Amino acid sequence: MAICNCFRKFLNFCFKYSLVLGVVGIAIIFAPSVNFLLDIEPKSLTVPLPNSLRQFETNKVQWKSFENVASITGPDSIVYDAKTHQLITGSEDGYLYSVDVNDDRKFKKLFKLVNDELMARFQYKRRPRPIGLRFDSKGRLFVCEPMFGIFKVENVFTDKPKIELIFDIEKTSQLGQTSVFFDDLLVEEKQSGGHVIYVTDVSRKFSFQYVMTAILSSDSDGRILRYDTDTGKLDIIMSNLFFPNSMEMLPDNNGFLLTETGNRTVWKYTFNDQEARVLMTALPGEPDNIRFSLNGKTFWMALLRPRTKNNPLLIDHMMSLPKLRKLLVRSFDLIGIVFDRLHRITSISKLQCLSKQFRSMEILNKVKDDFATGGGMLIEIDSNGRIIRTVYQTEGTALAWPTEAREIPSKNPDERLLYIGSFRPGYPIRKIILNK
Ligand SMILES: *[C@@H]1O[C@H](CO)[C@@H](O)[C@H](O)[C@H]1NC(C)=O
């Protein structure tokens, strides 16, 4: 009753002051960006959803078995070391973890990459959160720290790992504005022992806590950067990307595949002609990490909830309403600022939490749990974009919020074994077994 009354009062209030609210709304949309209004210009997303999922299906879409294993928080990217049978992943808490595949419900906390000195350099305002991971052929581990840069770790399985920041994100200042969000990396080994690192540079405005804001504001300044650790040379390989997310080398090493998340598109870049071509577009979900499958010739790609033109999500409707998105992003940011000021006055920690949830727009996921939750898709493709194998669910939690599929050798020759990671807390590492 009380809630009902309260709601009626709220509606009454909105009705009475609708003119005022309308004027405020219009002002927020059209106001120039001053320091308390974000400088954004959202655009309509032109990439459509597919008419049906049939074109993405292969004759086998089911798995043989599914299991939740190590319950690490936010195991985004997963690498596998065949010698020690260990998986390594990075967690929401900033630590790397290892998992023995022979006992994969257990896990071991390893270490953080970002030391105190580096934390102090940014007044402890930047958060460590290891995401994209790679081993090179000599067992050196490369890790993307989205707000700090690329780290190299030697002797990762020993008590004395050697950790080094080999590509500092602050170096991007020589290209203009400094980046704040690296997502994934590729590593090319040089004769000299040095490396060429390719990085998906998502944004100069929004870091990884603001993924939702970056998408809703059509931040399309994403780039692919190349950094040579011997010479320190840094250059831009691709630009104007709407959330470039993840890369994998082509089997012949003459380029890479790239997922553009904001755009549901996959690109193929070739080094010899420096040409980027659209390999796949109008995908049924946002593609995240892309990694070689076990054969080293095909690729596994993880996609958010698959959907079609006929049953879009709230986010799809919103992507065609740029003005509404501008209003939402700016209003949520303003509300967040207000909560932050209130927190400073009262030091009630709940207010700071609310401030973050508004500014990052995560609150939307709390209100209406359908932005992308439930369902997920794993697609195996070859380097020409041909679909080899698909596993998907349009609902349910089994495949929800997948960020990476890592295939490792299975003891059974008739089966394929995949570990699935997720950026989102609440989803453990998942293990899927497929029939060959
Ligand atoms: C989105 O993807 C298409 C391919 O479908 C591409 O041509 C276009 O440039 C992309 N747009 C942005 C803003 O990145």
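Quantities reported herein were computed from a predicted structural model and do not represent experimental measurements. Counting convention: from 1, in listed order, for ligands and their atoms alike. Keep in mind that the numbers below use all heavy atoms, side chains included, and drop hydrogens, waters and symmetry copies.
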Modelled atom types, side-chain donor and acceptor of Arg325 and Ser218, under 3.5 Å: yes
Value rounded to 0.5 Å, distance of CZ in Phe181 from CZ in Arg204: 12.0 Å
Backbone or side-chain N or O of Thr281 under 3.5 Å from ligand 1 N or O: yes
Heavy atom of protein inside 4.0 Å of atom 9 (O) of ligand 1, strictly below: no
Atoms in ligand 1 flagged as close to Val278, the criterion being non-hydrogen separation under 4.0 Å: 4 (C)
Which residue and heavy atom of the protein sit nearest atom 12 (C) of ligand 1, plus the separation: Asn263 ND2, 3.3 Å
For Phe242, atoms of ligand 1 separated by under 4.0 Å from a heavy atom: 14 (O)
Mode of Lys43 contact toward ligand 1 - side chain, backbone, both, neither (heavy atoms, under 4.0 Å): neither
Distance from atom 6 (C) of ligand 1 to nearest protein heavy atom, with residue and atom: Trp267 CZ2, 4.0 Å
Phe182: which of Phe148, Phe208, Phe167 passes ring-ring contact (aromatic ring centres under 6.0 Å, His included): Phe167
Asp288 backbone acceptor or donor facing Thr259 side chain under 3.5 Å: yes
Spacing of CD1 belonging to Ile432 relative to CD belonging to Glu415, to within rounding of 0.5 Å: 13.0 Å
Proximity to ligand 1 by part of Asn240, non-hydrogen separation under 4.0 Å: backbone
Thr270 side chain vs Asn254 backbone, donor-acceptor pair below 3.5 Å: no
Matching residue for Asp333 among Lys356, Arg359, Lys326 - test: salt bridge (Lys or Arg N to Asp or Glu O under 4.0 Å): Arg359
Closest approach of any protein heavy atom to atom 13 (C) of ligand 1, naming residue and atom: Ser220 OG, 3.8 Å
Sub-3.5 Å N/O-N/O distance, Glu260 and ligand 1: yes
